[in-house]
> 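The following block contains the structure, expressed as structure tokens.
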Amino acid sequence: MPTVTIDGIKVEVEKNATILEAAQKAGVWIPTLCYHEAVSRSGACRLCMVELEGGDQKQLVTSCNYPVRHDLVVSTTSEQAVKARCGVMELLLARAPESEELKELAERMGVLQTSFPTVTESQRNCILCGLCIRVCEEVIGQSAIGFAGRGVDKAVAGPFRQPAEDCIGCGACAAICPVGTIRIRLHEEEQEIEISPFKSRNKLIVCEECGAMIISAQVSEQALRKIESIFAEFPHRLRLCPQCRKKQTAKKLEESKVFHKKVTVS
Ligand code: SF4
């Protein structure tokens, strides 16, 4: 197995593990934004840059997708690596100046402000890391959103920048967005869920017991298709909110205890 010496700490890793994984094993922190273990790695945000050492040649690489094929010596604290990461963070802060998540990470890196002008309103608050696109395609299997436009016009959007029709309103993109830009909005009167900024709207199903809105009808249908054959009760349980589901489970448990008592006595 190859070894990675990272900031002086030596660890062994599987061949083709990434430098980031080696750092995690060594307990060395490297900031990341576009990395998530659930999806493929892209190195898009460049925030995880480290310096490869060895011989005369030094090289900056993105640690989240750099495979370890042989022994490596890596520095996360070299002047070049720190300068590169802080420069990237300043650019990101200019793109998403209102993101509390980003400001928190910047502070941890020692970056307190940006020297770059903030981008225009229409481009604001998306850092174009593409995590939402990857989770939608690779985990949810919908490919409802993608990159549109180029250069300063580049954005994540539905096809032709229209409402994302293939969106099922699962909310995975909002959950994974590292800067909190993608939001789930509830339209109570219409009983619909909207994924902002993709302008997709989906009907919500309401709890059969208490009428609370739960999940999008399309997510429910997909789950049913997968699980119906295994649990006969699942279709009904999926139409209950978590609280009513809990109550129903407790009631059933109580009923089974009473039944058990009756059988034991007789
Ligand atoms: S909410 Fe829509 S766009 Fe977001 S991951 Fe789910 S299907 Fe894709």
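Counting convention: from 1, in listed order, for ligands and their atoms alike.
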> Kindly confirm whether atom 8 (Fe) of ligand 1 is within less than 2.8 Å of some N/O/S atom in Cys170?
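No N, O or S atom of Cys170 is closer than 2.8 Å to atom 8 (Fe) of ligand 1, so no.
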> Answer yes if Met49 and Leu102 sit in the same cluster of Ile, Leu, Val, Met, Phe, Trp and Tyr residues linked by side chain heavy atoms under 4.5 Å apart, and no otherwise.
yes
> Quick one: which ligand 1 atoms are inside 4.0 Å of a heavy atom on Cys136?
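Numbered from 1, ligand 1 contributes 3 (S), 5 (S), 7 (S), 8 (Fe).
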> At what distance is the nearest protein heavy atom to atom 2 (Fe) of ligand 1, and which residue and atom is it?
Cys167 SG, 2.4 Å
> Is the distance between atom 2 (Fe) of ligand 1 and the nearest N/O/S atom of Cys173 smaller than 2.8 Å?
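Of the N, O and S atoms in Cys173, none lies under 2.8 Å from atom 2 (Fe) of ligand 1, which means no.
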> Is it true that the side chains of Gln142 and Gln222 contain a donor and an acceptor less than 3.5 Å apart?
yes
> Under 4.5 Å between any side-chain heavy atoms of Lys15 and Met1, yes or no?
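Lys15 vs Met1: side chains apart.
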> Verify the cluster assignment for Leu105 and Leu128: are they in a single hydrophobic cluster under the rule of side-chain heavy atoms below 4.5 Å apart?
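No: no chain of side-chain contacts under 4.5 Å links Leu105 to Leu128.
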> Carefully, step by step, assess Arg201 and Glu190 under the rule salt bridge (charged side-chain N to carboxylate O under 4.0 Å, His left out).
CA-CA 10 Å; Arg201 302 261 295 231; Glu190 296 95 337; 3.7 Å; yes
> For ligand 1, which atoms sit closer than 4.0 Å to a heavy atom of Gly171?
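Numbered from 1, ligand 1 contributes 1 (S), 6 (Fe).
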> Tell me, with the steps shown, if Glu208 and Arg237 meet salt bridge (charged side-chain N to carboxylate O under 4.0 Å, His left out).
CA-CA 9 Å; Glu208 285 181 354; Arg237 288 182 69 75; over 6 Å; no
> Within a distance under 4.0 Å of any heavy atom of Ile195, pick out the atoms of ligand 1 and give their elements.
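Counting atoms of ligand 1 from 1, those under 4.0 Å from Ile195 are 1 (S).
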> So between Ile168, Asn202, Val219, whose heavy atom ends up nearest atom 7 (S) of ligand 1?
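Considering heavy atoms of Ile168, Asn202, Val219, the nearest to atom 7 (S) of ligand 1 sits in Ile168.
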